[in-house]
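This report refers to the structure that appears directly beneath it.
Keep in mind that this is a model prediction, so the values were computed, not measured. Here, residue 1 is the first one in the sequence, and each next residue gets the next number.
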Amino acid sequence: MPKTIIISNRLPIKVQRTDNGLSYETSEGGLATGLGSIYKTDDNIWIGWPGTFFNDEAEQEQVTRDLSEQSMHPVFLTEAEIRDFYEGFSNETLWPSFHYFSQYAVYDDSFWEAYQQVNRKFCQAVMERAEPGDTIWVHDYQLLLLPQMVRKEVPESTIGFFQHIPFPSYEVFRLLPWREEILKGMLGADLVGFHTFDDARHFLSSVSRIVGLTSSQNLIDNGHRQIMVDAFPMGIDYEKYASLAASEEMKEKLNEYREALHDQKVMLSIDRLDYSKGIPQRLRGFELLLQEHPEFREKVTLFMLVVPSRDQVEQYRELKETIDELVGRINSSYRTITWNPIQYFYRSFPLEELSALYALADIALVTPMRDGMNLVCKEFVASKLDQSGVLILSEMAGAAKELSDAILINPNDLGAMVLAMQEAMVMPEEEQKLRMQHMQEILKQYDIHHWVSIFMNRLDYIKIKQMSLATEYLSEEERDDLLKAYKKSGERILFLDYDGTLTSFHNNPKHAKPDGELLQVLGCLAQEEGNKIVIISGRDRKTLEEWLGHLEVDIIAEHGVWVREHGKDWKMLHHLTSDWKTEIRPILELLVSRTPGSFIEEKDFSLVWHYRKVDPGLGELRARELHNHLQYLASNINLQVMEGDKVLEVKNVEVNKGLATLRWLEEHPHDFLLGIGDDRTDEDMFRIMPKEAFTIKVGSKRSLARFNLNNTVEVRKLLQSLCS
């Protein structure tokens, strides 16, 4: 039975050595909670690092046995790998880069080598347990290369990837020396998920400009399959936090805290020690509040909890010193005998105490400089059973996209932060409850279980979509079947596209003249009794006439505008007008003036913008810009915009290869059909052909065609086999 394999850097259990042997500490994280419903059922398994390094093989075997009983499998890392892969590349290269702190990023080749090595180690662990039909779900920035590694080993596998931290804009991401390898690693997945649409948009932009793959409606076509990119805001286990807030143990803690703080209003700040969390800015904002609003002195306490993290690293050590100095300065400046402005704790709190703090707090300050999602704000909202309290939330946190009833601020704007604190301090209870009620309704609906469910549903969807468009490589056995059908038949029609099918692409389309080999093959096929060879191309009729007119072939030019049977005159399939060119041509000419290397090709009833010689990033950017602009104009003047391989063509909406093919099939009897093409315009031809026809897509496995071939060389070999 197919199973689900979850892979993350760390397992939901941390293994520790104690005086009494090994101990297993369960993680309280949201991911472990949400995925618990998956990995603990059937034969599913969670693969990850157990949190400690082991040199002793006996210990490794014991840990493996113990964890297997809980549906987990450990990946053991050495001290060097933990240092260079985890502390090094993951946290000193990717983390600062993805959080827009590029000034802290370290570009070290040895870190990159370790990162590749550990991703391969994870891949090996997956391969040891993966079977055909399994679903593989990879998590977060430590394993960006893993999807493609698994794809290479098991090409037909179902792979999802989710990034739990932000994905930066192209201008930031391009600073990474290994940017292309990272993107290709992620594109091994069938579904790539992020917390926000902005992250997905940045990823698509980087893929377009670095890898050269464009997207349409958040689908990337890599020539073999479609890859879906989407936003899936991660929720929390709402009922868990609501139940904790209602427990007797929490109520006792709450009373204890209230007695200690008397009638103070409590602002709550909970963060891991990290420069992305904006802790110094928050402290400066609080200091400014006390300075500008003396009426709040002795009436509010900032309860600041900072969880220790990597404080041996220079940036974190300096951050800790800055926080200590700010807390000391503010407390020494404003404290009284009965009041301390800031209650500062540099340690982690158990979940029950956190729940009491959430319930106690009148205001939650969640103001990161950049955060993928941030679950603290959601946990705070879920814990407010009486629906009182105010959330001040950074616009830079992914959660801000959902929790619009919070007071949203730019964490770099201290003035706005002070105004938000002031507003929160005096907000009427009725307004507090209205805002909190709206936020709670959202969090109840979009909880952690919904997040898991919707991600897995979309993964199933894209896999079904891929399968519906998948083609098989034309195997030797299928070639034999094609050849037998060809020999057996008496009336054959062969529809052959030209560029990208019979001949390779050239930077200058005029250089794609047929060579001797191609002319020989087409001549041979055309002379065979019962054959009707139809060259069906987007090229203009004059060029096709010049290059192929001397052969006994029929020609469909400009995607079906003009047709010419051998020995007859050209005729139009549709009565068309080209008056629209006066409106569209200036737009294309302006684009050419802005885009060195591009040019316009004019046909009788279409205009084509070529950008094969343009810098890839700029070309794709201009093409997308032009496509969006022309789509709007075209819909009003009965035109369509067609995307090809490094071309954008504007033509009358009535024209396509499918309609031309259909007309041809109606007029000419046949008992054998072969259609070969390489781009999107040929899909119209494949679409109207009967199921028994031999349809072949060149260079892609994603098509309405039945089969595929890799390149023009293979196409010519196939056609030569029909001649012999």
Side-chain angles (χ1 to χ4, degrees), residues 1-9 11 31 34-35 38-39 42-48 71 73 75 115-116 118-165 167 180-195 199-200 203-204 206-207 211 213 215 218-232 234 451-470 700-702:
M1 179 180 175
K3 61 182 176 294
T4 298
I5 302 175
I6 297 166
I7 311 109
S8 63
N9 176 56
L11 289 169
L31 187 63
L35 297 180
I38 294 181
Y39 81 91
D42 301 323
D43 294 324
N44 299 340
I45 190 169
W46 191 322
I47 295 174
S71 302
H73 178 77
V75 176
Y115 188 79
Q116 294 177 89
V118 172
N119 273 252
R120 283 192 291 266
K121 185 176 278 192
F122 271 83
C123 182
Q124 181 60 37
V126 174
M127 289 304 99
E128 289 170 2
R129 280 145 195 87
E131 297 173 331
D134 287 351
T135 296
I136 297 165
W137 192 0
V138 182
H139 288 268
D140 225 1
Y141 64 105
Q142 299 95 347
L143 300 173
L144 297 176
L145 305 181
L146 185 57
Q148 182 57 32
M149 289 179 175
V150 174
R151 175 73 56 200
K152 187 175 179 181
E153 297 291 332
V154 194
E156 301 306 318
S157 56
T158 299
I159 306 173
F161 174 81
F162 192 86
Q163 173 127 324
H164 293 268
I165 66 173
F167 194 91
E180 187 171 352
E181 294 93 327
I182 289 170
L183 290 176
K184 287 181 177 178
M186 298 172 73
L187 290 172
D190 299 298
L191 173 61
V192 180
F194 301 93
H195 284 303
D199 294 326
F203 174 74
L204 290 171
S206 290
V207 168
V211 183
L213 296 176
S215 62
N218 281 22
L219 291 173
I220 299 170
D221 187 345
N222 70 357
H224 302 284
R225 58 194 169 84
Q226 286 188 324
I227 302 156
M228 178 178 284
V229 179
D230 210 344
F232 304 90
M234 184 176 174
W451 176 75
V452 171
S453 174
I454 197 69
F455 186 93
M456 297 305 280
N457 286 342
R458 296 307 283 171
L459 184 55
D460 290 341
Y461 168 80
I462 188 59
K463 207 63 188 176
I464 292 170
K465 187 175 177 68
Q466 288 175 357
M467 291 172 64
S468 70
L469 293 171
S700 173
K701 292 183 179 179
R702 189 204 64 78

Got a second to check how far Glu131's CD is from Asp43's CG, nearest 0.5 Å? 8.5 Å
When the ring planes of His139 and Phe162 are compared, do they come out parallel, tilted or perpendicular, using 30° and 60° as the limits? tilted
Would you give the length of the straight line joining atom CD of Gln163 to atom CG of Leu143, rounded to the nearest 0.5 angstrom? 11.0 Å
Closest heavy-atom pair and its distance - Ala125, Ile47: O-CD1, 3.9 Å
Under 3.5 Å, is there a donor-acceptor pair linking the side chains of Gln124 and Lys121? no
Heavy atoms only: give me the nearest Pro2-Gly133 pair and the separation to one decimal. CB-O, 3.3 Å
Between Ser157 and Val150, is there a side-chain heavy-atom distance shorter than 4.5 Å? yes
If the condition is side-chain hydrogen bond (donor to acceptor under 3.5 Å, both in side chains), which residues does Asp134 pass it with, not counting sequence neighbours? Lys3
For the residue pair Gln466 and Asp190, confirm or rule out a side-chain donor-acceptor distance under 3.5 Å. yes
Flag the pair Tyr141 / His164 as yes when their ring centroid distance falls below 6.0 Å, and as no otherwise. no
CZ of Arg129 to CD1 of Ile136: how many Å apart, nearest 0.5 Å? 12.5 Å
So Phe167 and Phe203, would you call those rings parallel, tilted or perpendicular, with 30° and 60° as cut-offs? perpendicular
State whether the side chain of Asp199 and the backbone N or O of Gly193 hold a donor-acceptor pair below 3.5 Å, judged by distance alone. no
Looking only at heavy atoms, which two atoms of Phe122 and Gly48 are closest? And how far apart? CE2-CA, 3.9 Å
Measure across Leu11 and His73 and return the closest heavy-atom pair with its distance rounded to 0.1 Å. CD2-O, 3.9 Å
Is the shortest heavy-atom distance from the side chain of His224 to the side chain of Arg151 under 4.5 Å? no
For residues Leu146 and Phe161, determine if any side-chain heavy atom of one lies less than 4.5 Å from a side-chain heavy atom of the other. no
Heavy-atom pair of closest approach, residues Asn44 and Thr4: OD1-N, 2.8 Å
Within the 4.5 Å heavy-atom criterion, are Leu187 and Val207 side-chain neighbours or not? yes
Measure across Ile5 and Ala130 and return the closest heavy-atom pair with its distance rounded to 0.1 Å. CD1-CA, 3.8 Å
Do Val229 and Ser215 have side chains that approach each other closer than 4.5 Å (heavy atoms only, starting at C-beta)? no
Rounding to 0.5 Å, atoms CD (Glu153) and CD (Gln148) come to a distance of 10.5 Å
Between Asn9 and Asp140, does a side chain to side chain contact (heavy atoms under 4.5 Å, CB included) hold up when you go through it step by step? CA-CA 8 Å; Asn9 176 56; Asp140 225 1; over 6 Å; no
Close side-chain approach of Ile462 to Lys465, heavy-atom, < 4.5 Å: yes
Using 0.5 Å steps for rounding, measure from the CG atom of Leu191 to the CZ atom of Phe232. 4.5 Å
Hey, could you give me the CE/CD distance between Met149 and Gln116, rounded to the nearest 0.5 Å? 6.5 Å
